[in-house]
Amino acid sequence: MPEIVLRNVSKTYDNGYEAIHNIDLTVREGEFMVVVGPSGCGKSTLLRMVAGLESISDGEISIGGQVVNDYTPGERDLAMVFQNYALYPHMTVRKNIGYSLKLRKFPKDEIKRRVEAAAEILSLTEYLDQRPGRLSGGQRQRVAMGRAIVREPSAFLMDEPLSNLDAKLRVQMRSEILQIQRRVGVATLYVTHDQVEAMTMGDRVTVLRAGVLQQCDTAQVLYDKPANVFVASFVGSPSMNLLYGSLSDDGATLKVGSQTINVPASVYASRPGLKAHAGREVIFGVRPEDFALEGLGETLNGHVGHIEALGSELIVHFGMDARNYVVEDKGGSVEEAEELLEATALTEHVRNVARVAPRSILKAGDQVPLHVNMERAHFFDVASGESIW
Amino acid sequence: MAIAAPSKKRRRKIGKTSWGTYAILTVLMVLFLFPVYYLIVGSFEPVDQALNGFHAAVPSHLSFANYSTLNAAFFSNTITGSLKGFYTVSTLVSFIVVGGGLVVNSLAGYGLARLQFRGRRQLLLLVIVLVIIPFEAIAIPLYYMLSGLRNSLIVQALPFIGSAFSIYLFYTFFLALPPQLEEAAKIDGAGPWRTFVQIILPNAKPAFASVAILSFIQIWSSYLWPLLTTSQPNYYPLSVAIGNLVKQQASPNYGEMFAFGVLLVVPMAIFFIVFQRWFIRSVASLAVKG
């Protein structure tokens, strides 16, 4: 089973716009690699370049050790699932799935056998002689998957295949796609803008921003050790709280707005690079679950603006007199967050989120001390946005 | 009760507006259909009855007399050429124009909609400009250009095969077709021609039906161009023959003209009925897309 390797791949359009900048990426044998990023970050372009639907300006793409830069999409032996499925409306499900085999001149009985086997896996057997127009969204999605697996290609490419489905079906299809991929065991490049989809599906996740690869690692590493402030804010929902803070000259305290908290020595032990930032401004990041209403350690006072009771937990939106760092180009989630903020803001700065135990006695307008888990706090360089380690 | 009352009211309201709509539509339908009705009834009536104004609309004294005298006229050499010959010319010319036009114009429209090449926008603009130039404006220069081909089938068909209007119609249709279909075909391993024939064509039936109907009606009833380019009766299409019928008679026989008119219109009606299923679908889809 071959792997997909991208070396120094770039894409510059005629008008000078650089959609993809110098990307190195390896999708290992049988690996499920998710590329995630805000809309317009170039993730679809990257996928289309691997498919051969888009030319590359620079670099090298190889599949199974073979450089495929000059191969047509048909010669690359890939299968692709499109966002709108792109099923042939005039063909039955059977013909849709079998079309690529027919073009490759497979014998008729072999096509029949393979199509029926694929239909069996996807529970499509009873729909084989219907046209796509009569199928539901989920069934169409399965036909698109069937078209991809029937050929036993050397790699799968998927371009936001779940974004046309409703939320419930999406969760169901997520696991179905994963199961099929495991079963077929081919390298898969999966593009999405939905970070939850990325985290739950990918063996590894690549975060892309404005055509530049930000970080490529497992979901847990992206979450725990984001390479920079963009990854930190993009991964995780609700996203990480980012505040400007200044370290004291000796580095022992951090001033966040008007409040000062101690920075324990253990933080410096795990982040030796932070010492060099003593006496300077940094971006201080705290995940919503790293705030707590009770506990030990440093506290920051917050002004409760709005509470979402989810049953299993409370999402507390609160304000502080500290300046928030706002990541631009974060895609949909930032706008949604802004809208929510505008709708619920009691003070001008209800920009922070804490995730606390349910049934906590809290109400809007309360002034609460929030305990910060400093061991799990993040620090970023103000100028470069890189994580400080 | 409280729930039923408003719905009753609403239903009555809808009923009212649709009656008004139906009334207007009926008036329009009568206006459009009356000439056709008159033509058909008139063709079965004696001349004096047929020209008797609105009285002619009430069918009386119906007979095939006009058709038999028309038929006799062709066989008695009072007019030159044969009905079969005129039909053959019209059919062949229409076949070349419609068939050739579907191939040429669909490819041109597809190219404009999908291929990226230098000058594409300018070419598209040219096509749009050409749509609004009336044929009469270029008929004479065209006549001199093609004078060497006079009295042939090809000269009657040639200027109408490539049609800016058809290209534009195909262009807008292909533009609305999702490009992922072609990309999927590419990945499945189909080349450009196979993609066009096996994937695009079957999904473009409405566009093909529309262009076929519109260009058939245009070429079947065209008069000026065949009149300019043909002088031998064996190359006359029906439209020119009907004009000559008037010229060759000392006093025009309107009964025969009505009969000939019906013969001219019937093939168009048949053609339309055969293709209207897709034609209406395409008009509807254009309406939805706005």
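The structure displayed is predicted, hence computed values, not measured ones. Computed from heavy atoms alone, side chains included, the values below leave out hydrogens, waters and symmetry copies.
The contact list for residues 70-97 of chain A toward chain B, using heavy atoms and a distance under 4.5 Å, reads A:Pro73, A:Gly74, A:Leu78, A:Ala79, A:Met80, A:Phe82, A:Asn84, A:Ala86, A:Leu87, A:Tyr88, A:Pro89, A:His90, A:Met91 by residue number. Interface residues of residues 136-144 of chain A toward chain B, defined by a heavy-atom distance below 4.5 Å: none.
Heavy atoms from other residues, nucleotides or ligands lying under 6.0 Å from CZ of B:Phe165 number 12 at most. Taking a 6.0 Å sphere around CZ of B:Phe95, one finds it holds 12 or fewer heavy atoms contributed by other residues, nucleotides or ligands. Around atom CG of A:Asn15, more than 12 heavy atoms belonging to other residues, nucleotides or ligands sit under 6.0 Å away. More than 12 heavy-atom neighbours from other residues, nucleotides or ligands sit within 6.0 angstrom of CZ on B:Phe117.
Using a 4.5 Å heavy-atom threshold, the side chains of B:Gln198 and A:Leu103 count as touching.
For A:Asp203, the salt bridge (Lys or Arg N to Asp or Glu O under 4.0 Å) partners are A:Arg182, not counting sequence neighbours. Annotation: ring pair (Phe, Tyr, Trp, His ring centres under 6.0 Å) contacts of B:Phe216 (sequence neighbours excluded): B:Trp220, B:Phe271.
A:Arg151 and B:Ile187 make their closest contact through NH1-O, 3.5 Å (heavy atoms, listed as atom of the first residue, atom of the second, distance).
Note: B:Gly189 leads B:Pro179, B:Gly189, B:Pro178 in heavy-atom pairs under 4.5 Å with chain A.
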